[in-house]
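So the structure is just underneath, and the comments pick up after that.
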Amino acid sequence: MVRNLEIAVSPEIAADSEQFKRLVSQKSGIKLSEINHINILKRSIDGRSKRVVVRLRVEIFSGNSKFEKKIIRFNYKKINDTSREILIIGAGPAGLFAALKCLEYGFKPIILERGKSVSERKKDIAALSVKGILNENSNYCFGEGGAGTFSDGKLFTRSTKRGDVSEILRTLIFHGADETILVDAHPHIGSDKLPKIIENIRETILSHGGEIRFNTQVCDFVVKNKKIVAVVDQNGNSTPCETVLLCTGHSANDIYEWFHKNNYAIEAKPFAMGVRVEHPQALIDKIQYHESPRNPYLEAAAYSLTAQVDGRGVFSFCMCPGGVIIPASTAEKTLVVNGMSNSQRNSPFANSGIVVTVDVDDFADSVASTSLPSRTSGNDRLAAEALEAANALSGLRFREFVERRFFEIGGKNYQAPAQKLYDFVKGKTSKELNESTYHRGLVSVDFRTILPDFIASALRKAFLEFDKKMRGFLTNDAMLVGLESRTSSPVRIPRNDDRRHPDLENLYPCGEGAGYAGGITSSAIDGVASVLAILNDQN
């Protein structure tokens with residue numbers, strides 16, 4: 001007999017298999033001696049009441065029923081010389097998972113990636129974090145695996161209607177991820193483990209006949225009769241193509257520039273911008289778990305916060321329990337930060353983006369406002385272009401404008417502006433700053449003077465609301481570090497119902513860079529769906 005049971009247990013019992021089995025026996029009415037196996041289907045931590053519990057949904061195998069572990073397999077085909085080639089631009093999750101799906105259907109994936117392999121990326125990331133030396137094509141955003149590789153590896157998504165989330169998770173497990181990602185409510189892999197998984201995916205692609213070309217930045221497309229017939233890289237090398245999947249990610253500004261320059265359809269879209277907020281992890285644990293110190297059987301506490309302020313959304317983004325803040329710039333003289341954490345999430349600090357929605361109508365008004373003073377000649381150009389309301393790149397110009405402003409205020413060496421959280425709400429410049437995980441260094445500023453007015457105002461009001469939901473959140477033990485601006489792309493590359501670009505018949509825009517996903521899992525789903533669309537067109 002197989003029976004399902006939902007049960008809430010203490011963290012201690014959840015961690016002790018014998019105690020857990022006895023409790024399942026009591027709750028189910030099945031004799032302990034008759035239980036052959038307990039298979040966990042779903043697991044989450046519930047801290048809504050003062051007694052924190054672990055909620056589980058399980059399958060109980062008893063009597064003659066035996067549990068058989070399902071072996072994850074994929075039918076990746078060996079590619080031959082007659083296989084149809086699919087050119088994939090970008091080796092982030094959309095591109096890599098698209099390549100794997102190509103192998104399942106006998107297509108040959110050829111990936112062009114502007115950045116370096118995972119192992120080589122680590123060196124450039126270290127150079128930026130330690131020495132302030134930025135490689136514009138190899139950093140926290142660009143390179144094998146994309147931005148998510150070194151940003152915790154969160155796998156939670158609400159995009160279940162777009163595709164099979166479990167397929168993405170099973171693919172990651174097949175390539176080395178822990179099987180717990182199939183049962184955890186908010187699964188993650190960790191920035192220490194994800195690079196190896198990405199390398200394993202690369203090996204699958206190469207061993208089955210696919211190609212990956214690193215250090216290959218696409219700079220131009222050759223178009224004939226509304227079709228891309230070749231792509232040209234930074235060295236002038238031309239790669240002929242029949243079908244192109246565009247999976248470049250949310251920071252490939254040069255791709256957007258190419259579309260705009262050549263009058264192919266793109267459009268401005270809303271995005272979000274704000275700051276990173278860094279708390280002591282012990283404080284977040286106390287708020288969420290109602291005890292201090294944290295129960296050793298519980299993982300570092302996370303949070304998810306939203307508020308509506310003056311008609312616009314403010315929300316937490318990429319929350320990293322036990323994490324660190326990292327420099328995530330992709331262009332010289334701009335400052336961007338992000339968060340990451342390893343699989344153990346054992347940093348003494350927690351950080352999260354707290355960001356404000358930026359609508360298309362905000363771009364021109366904000367750049368024109370006096371809240372962004374001391375413009376350099378370069379920023380004047382960006383401001384002028386952002387004022388063109390009909391320009392599809394207005395949001396991109398606006399984003400770059402603010403990123404340059406933060407770089408200048410930060411000291412022009414990837415130091416980050418910072419301010420204590422309660423000081424910001426009260427309108428005070430912090431005389432001293434807290435200890436932080438951001439290694440490039442911090443500069444005390446008043447964020448009201450460097451953020452666009454509508455963002456600063458919305459953040460101040462939202463923090464008051466957040467403190468009502470999480471008592472103790474609003475404190476000077478926490479600190480703002482900025483700028484968090486790469487939540488999603490400010491540009492959408494449109495596509496028809498068949499996923500083709502309206503002006504380019506063999507181009508399939510997908511993933512975060514095209515404006516159709518947000519995060520590892522949804523980007524991977526979108527890449528897979530695009531390959532299935534190509535297959536459908538072929539048939």
Residues in salt bridge (Lys or Arg N to Asp or Glu O under 4.0 Å) contact with [X], at least two apart in sequence or another chain:
X      : answer
Lys42  : none
Glu136 : none
Lys50  : none
Glu120 : Lys123

Ring centroid separation Phe473 to Tyr303 under 6.0 Å: yes
If you count heavy atoms of other groups shown closer than 6.0 angstrom to NZ of Lys469, is the number above 12? yes
Is the number of heavy atoms from other residues, nucleotides or ligands within 6.0 Å of CD (Gln344) greater than 12? no
Which pair of non-hydrogen atoms, one from Ala416 and one from Val481, has the smallest distance, and what is that distance? CB-CG1, 3.7 Å
What pairs with Tyr414 under ring-ring contact (aromatic ring centres under 6.0 Å, His included), at least two apart in sequence or on another chain? Phe407
Specify whether Phe424 and Phe463 have parallel, tilted or perpendicular ring planes, treating 30° as the upper limit for parallel and 60° as the lower limit for perpendicular.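 Because their plane-to-plane angle is over 60°, the rings of Phe424 and Phe463 count as perpendicular.
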With distance as the sole test, does Tyr256 use its side chain to make a donor-acceptor pair with the main-chain N or O of Gly513 at under 3.5 Å? yes
Go through the structure and list residues passing side chain to side chain donor-acceptor pair (under 3.5 Å) with Gln288, not counting sequence neighbours. none
Within 45° of the ring axis of Tyr289 and under 6.0 Å from its six-membered ring centre, is that where the NZ or CZ of Arg294 lies? no
